[in-house]
Protein chains: 2
Amino acid sequence: LSSQFESLDYELCENKIFKEEELKKNPCSLTKQNATRWVVVFFIGVCTALIACTIDICVVEMTKIKYGFLKKYIEKCVKENCLYIPYLQWLGISCGFAFLASVLVTYGEPVAAGSGIPLVKCYLNGINVHRLHRLKTLFVKAAGVTCSVLGGLAVGKEGPMVHSGAAVAAGLSQGKSTSLGFDFGILKEFRCDQEKRDFVTGGAAAGVAAAFGAPIGGVLFSLEEGSSFWNQNITWRIFFCSMVSAFTLNVVLSTYHGQLGMLAYDGLLNFGKFPDIPFALLELPIFISMGIIGGLAGALFNQLNYHISVFRRRFILSRWAKVLEVIIVCSVTVSIGFVMIYFVNDCKPLGAKDAVEFPIQMFCEDGQFNAVAAMWLQTPEASVRALFHDQPGTHNPLSVGMFFITYFFLSCWTYGLSISSGIFIPALLSGAAWGRLVGLGLYRITQGAAWADPGKYALIGAASQLGGIARVTLSLAVILIETTGNLSLGLGLMLTLLTAKLVGDCFNSGIYDMNVQLAGLPMLPWSSPPMCHGTQAQTIMSKPVVVLKEVERVSTVISVLEDTRHQGFPVIFEDRFSGSQAKQTSFGALRGLILRSQLKILLKEKPFCSSPTGSTRSPIPLETFRMYYPRYPAFEDIHFTEEERASYLDLRPYLNPTPYTVPKHASLHRTFQLFRALGLRHLIVTDDNNEVVGMITRKTLARYR
Amino acid sequence: LSSQFESLDYELCENKIFKEEELKKNPCSLTKQNATRWVVVFFIGVCTALIACTIDICVVEMTKIKYGFLKKYIEKCVKENCLYIPYLQWLGISCGFAFLASVLVTYGEPVAAGSGIPLVKCYLNGINVHRLHRLKTLFVKAAGVTCSVLGGLAVGKEGPMVHSGAAVAAGLSQGKSTSLGFDFGILKEFRCDQEKRDFVTGGAAAGVAAAFGAPIGGVLFSLEEGSSFWNQNITWRIFFCSMVSAFTLNVVLSTYHGQLGMLAYDGLLNFGKFPDIPFALLELPIFISMGIIGGLAGALFNQLNYHISVFRRRFILSRWAKVLEVIIVCSVTVSIGFVMIYFVNDCKPLGAKDAVEFPIQMFCEDGQFNAVAAMWLQTPEASVRALFHDQPGTHNPLSVGMFFITYFFLSCWTYGLSISSGIFIPALLSGAAWGRLVGLGLYRITQGAAWADPGKYALIGAASQLGGIARVTLSLAVILIETTGNLSLGLGLMLTLLTAKLVGDCFNSGIYDMNVQLAGLPMLPWSSPPMCHGTQAQTIMSKPVVVLKEVERVSTVISVLEDTRHQGFPVIFEDRFSGSQAKQTSFGALRGLILRSQLKILLKEKPFCSSPTGSTRSPIPLETFRMYYPRYPAFEDIHFTEEERASYLDLRPYLNPTPYTVPKHASLHRTFQLFRALGLRHLIVTDDNNEVVGMITRKTLARYR
Ligand SMILES: Nc1ncnc2c1ncn2[C@@H]1O[C@H](COP(=O)(O)OP(=O)(O)OP(=O)(O)O)[C@@H](O)[C@H]1O
Ligand SMILES: Nc1ncnc2c1ncn2[C@@H]1O[C@H](COP(=O)(O)OP(=O)(O)OP(=O)(O)O)[C@@H](O)[C@H]1O
Ligand SMILES: [Mg+2]
Ligand SMILES: [Mg+2]
């Protein structure tokens, strides 16, 4: 576990100054604050959808230009035997975009690399991932993913959209931008970790809603990680946010496609509906077998990707090396694509209703087109749609199989590069490819039975592959159901997903979890490991605990801050045992908890007093504390006179007087439950007399997986 | 608040004997237990769906017989001018069923009255509603709702199905039936409140899935009330349960309708899909206005129903009076229906594709049928479907309006009778009626614009009326979306629901909440009321606290149990202040908490010892405690010798050593959060030295709404 990550402070610090401010509030101001929340959430939904639309439209339009251009040259060169020209063109264009994508991320904002879903999940879990929600990150993510997709890499754009939603939420809800150094001076009351996280929960849901057209799935996605507690108000707001987002997207896309008012575009990831697939009980065993295949394939994928990631962490460290790797991968992708198009002569008649956008003739006869070229020369989404919905005869098993193998390894290599890239679409695409193969096989064996629809099996295969790679959680299952608009296939999908997950879990963990672990993020699991009976809070807690007295010498406070890197310090009544620090088991009677950030602000504001009995001056108002959020003064820069160092700091108005505690005999299970259910950051372990004996934090617990 | 209700014990009592048992478990037995849970959940889903199917098929088949019979006589008597005969027949048949329905509930199992949804919600909230899950209750509920629907009353059958699901889950998971006095001797490890509640959560979800064809809505419904903490394992199981239920229902209904393998029946409440309704931005204001109307109408409904309920509670007390009231309501319903059919001559041509099942000609010309008769002589579901999907010209505004008014008041009178009856369908039906009126108006004004589809407006009206009456929560919104299979109308639906809820909330609370409050059930709200800053735990806590010592005299234990009705007693280290009970503020140093049920079992088993320093005998095993669940020995029946009374009871192996506590200065807000997030029953208030100063329970908090 890396110690560089800190936690969010989800707990309300109900200290004296907070209570005073609360008492000033009247029902009217509360209503106003609540209404503001709804308005903010509305705009979060709208903006998220607009960003998603922009990305999508850019990708679609520019892909059209790119492949239209290539088609022209390929067609020409097939006749004139100069195919190396379009190859070089293709290579050039793709590598150009890939270069752009990787430079943006590598030199611009490294935190924007990858899918973003693991990081958003970590944030919702309570980890304060640095720079995750900057405007710059948002820009790099959005522009970066557009470039990666345009570069023809095996990436999806859905994960980054979820991240964008979260970033939009964090930005809008604070009414200021750190990247631009600009402060609108509004929404000041939302500048605390708790409010911000609630908004980000909505933003992530909106992102899912926009990316997958799955508003309910979005709510579940956010709640799954985020909600320590199912609060109906927050849940409604999240739901509203994702609905607004789905709706805005629908309006914009409908307008863009010239069907204003029709609202026919449910989401970006529209795989087309499966209206009336017959689905027989007898197919369930087939689904389970496919789940097993998917689980195995997914485990293989994750294992390979793990080794690649470890290799990258060890050898590819400099920035230019990262950029270079992206370019290599891009060239290999393009070359493989070209070689396959050149050598596999899979000709299909033109003019079916599921016509591809750029049918390329290559060496086929007139009136036919090269089916392999069609797969490579379009966005991955379009390929997935083709595999789901094309007529049984459209695809040649051999070329689909070859496509699967190359795409599987390419996407495995691609994921984890220093570009922003999702894994959803690549997983679905390779799954759809082998699923379609299974479907084609069944179709032949049964001689065209109605239920053996290759499209349906492509869907099941896609689900199974996704389940094997990402070990989908409940929310991903719902997202898949919503995306395909198919509730009646729901049980089949779920069965496949569950099997794939179970099989995959025998070998390794899901790709997102793997990312989290590799990055050393202290994400808390759902519950304590099953075999830890007998472990008590006192066996896992840290001690000795660094504590402060209620009225503490300024010099002591300074030295504590300098000597330790802890973020929270229990405050005790008196230092009864100051003599025998080493052997003692209790560190004093608990009176509260104070955070490092509060101490920093206090040292900066200097409300010191000269007597050790405490201050009579009126305390610093909460307003001042809020002003500093989220960047606290670096106390190294503050200068203290000798007199100031010798004076005292009265912590009583500022400390949290009722921090959560756990008795030292409590089981690990109970400690976990308390921690997760309440979204804690610090849990103080006390003995029978309410004296501090230890400290439990996220990092203490995250070790127990 | 009625004091007759007790709480569930969701907290694990991690005492010495529990820990010993835990240590004996190995990974294998844990896996086995987990697998058993999944198997049980599977059967819960299947059984719930089968019960729902049975109810549905019974209703459909017998309605066919009933109305087919009536149709024959009406047709005959119109010619022969003897219409009083079919009227009397109709009256007779309906009142017969209504009589049966009310006798079953009134004399059989009064807890089966009403919708069941409020009671299930209360159970999930943590209230131990007595007899709620008996086999007898299940039977009465299922048979009762069939009879009420057949009696032609303005009731739905969806709420009762949810209740059935919960009862099935509670029954199956315990492996025994109290009503039958039968014990299979299996699943003994699930015999505790915590496990049982987790299964009931799944059962309720399965009930929703079967009733509304809304598996995701079912999961949300259960989690909304039930989950104190979003645990992924439990959530997966709930989801699996509701999926299995929806799937089983689909299989059975497909088979029943002769389409084996087609799986075309998503749920019982199939209102038909709305495939491609155009939906323009400009309609949103109309939706909001309709939401306002729905909110007002709903508030009126609830207010009327409240007064009726109060009247009933005061004057209709004896059983026969309850039965009589049901028969009166039934007669009035039939009579109004008959009068409307007789006097309103709304003739429509026969033979449209949305043909009604029993077109009755009455005084219409040949080739026509009476549209009013069609509305009354079918199940409410069929009427809703007709209002949603019939062509614009099918319904006459006047007759729809009259139907709305009569049905609105009838359903208001009916809800709360001593029969099992849901409110979902009646609310949807009256809403659909006025919604269709709005739609027809718009259709005329715009001269048949494509967007002014009366069916769509009927749906919006139905949603709005339901929102106004039930103040739908998130889960109900999702259920509605799933039922109509329409995600693109989602935002419109949600906007309407939200408006209706907000408007309604200005006047009174939702009908389910009203039921809960009238019954005095101590249901905990979502969070503390907004204007309670400054309220601290110590201002709301109960004191003096009845406490026990770690090793207590048997006579004291007996007298404490006799003198108080508390269910939990803090255990203290020593009774330091025994002299001045009245004035003291602290009741001793906290060492644990013991439940009344545990004390009863201990008194029955008599592990007494003679010295006040404690027992050296090995404690009673957990097995014995589990054996008594859920019916504990009545200690009044136990005989104690003088010697026994003078001996001591060592509570230390049995008490919960780490009960949840809250400091006395903690705010009400924090207390609420702790209570709801962890699903507590007892929360001990302690002072700075961990001494007991007060007690907070569900009933203490439920007062703060
Ligand atoms: N005041 C303290 N005294 C002694 N040990 C502490 C104290 N605070 C934290 N620790 C221990 O230090 C280790 C690292 O702490 P950790 O970084 O998780 O907490 P933190 O820095 O206080 O909060 P954050 O999660 O924001 O980083 C943990 O094992 C924790 O138990
Ligand atoms: N041991 C106790 N000593 C003093 N007061 C108590 C004690 N236990 C409960 N009370 C108080 O008695 C009142 C009624 O208690 P309540 O019925 O809610 O709790 P209970 O009977 O212990 O548990 P249950 O919720 O199962 O009924 C509450 O105000 C509660 O605070
Ligand atoms: Mg730290
Ligand atoms: Mg009680």
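The analysis underlying the following values was restricted to heavy atoms, covering all of them including side chains, and did not include hydrogens, waters or symmetry mates. Reminder, nothing fancy here: chain letters follow the sequence lines and each chain counts from 1. All of these numbers come straight from a predicted model, not from anything done at the bench.
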Could you tell me which portion of A:Pro657 (side chain, backbone, both or neither) has an atom closer than 4.5 angstrom to a non-hydrogen atom of chain B?
neither

Best-contacting candidate, B:Glu14, B:Lys664, B:His665, B:Lys25, against chain A by heavy atom pairs under 4.5 angstrom
B:Glu14

Between CZ on residue A:Phe247 and CG on residue B:Leu495, distance to nearest 0.5 Å
9.0 Å

Considering all heavy atoms, the nearest A:Gln673-B:Leu678 contact:
O-CD2, 4.3 Å

Rounded to the nearest 0.5 Å, what separates atom CZ in A:Phe573 from atom CG in B:Asn689?
9.5 Å

Mark yes when over 12 heavy atoms from residues, nucleotides or ligands other than A:Phe42 sit less than 6.0 Å from its CZ; otherwise mark no.
no

Which atoms of A:Arg591 come close to chain B, meaning under 4.5 Å heavy atom to heavy atom: side chain ones, backbone ones, both, or neither?
side chain

Residue selection (most heavy-atom pairs with chain B, distance under 4.5 Å) from A:Glu22, A:Glu11, A:His669:
A:Glu22

Give, as side chain, backbone, both or neither, the part of B:Gln536 having an atom under 4.5 angstrom from any heavy atom of chain A.
side chain

Checking A:Glu21 against chain B: side chain, backbone, both or neither under 4.5 Å from a heavy atom?
neither

Under 4.5 Å to a heavy atom of chain B? For A:Leu12 that would be both

Could you go step by step and tell me if A:Leu220 and B:Leu220 meet the side-chain contact (heavy atoms from CB on, under 4.5 Å) rule?
CA-CA 9 Å; A:Leu220 289 181; B:Leu220 289 181; 3.9 Å; yes

How many angstroms lie between atom OG of B:Ser667 and atom NZ of A:Lys19, to the nearest 0.5 angstrom?
6.5 Å

Atom pair CZ/OG of A:Phe239 and B:Ser475 - distance to nearest 0.5 Å
10.0 Å

At a heavy-atom distance under 4.5 Å, which candidate from B:Val244, B:Thr661, B:Leu498 has the highest pair count against chain A?
B:Leu498

Minimum heavy-atom separation for A:Asp688 and B:Asn690, please, with both atom names.
O-ND2, 2.8 Å

Measuring heavy-atom distances to chain B, does A:Asn26 have an atom under 4.5 Å in its side chain, in its backbone, in both, or in neither?
backbone

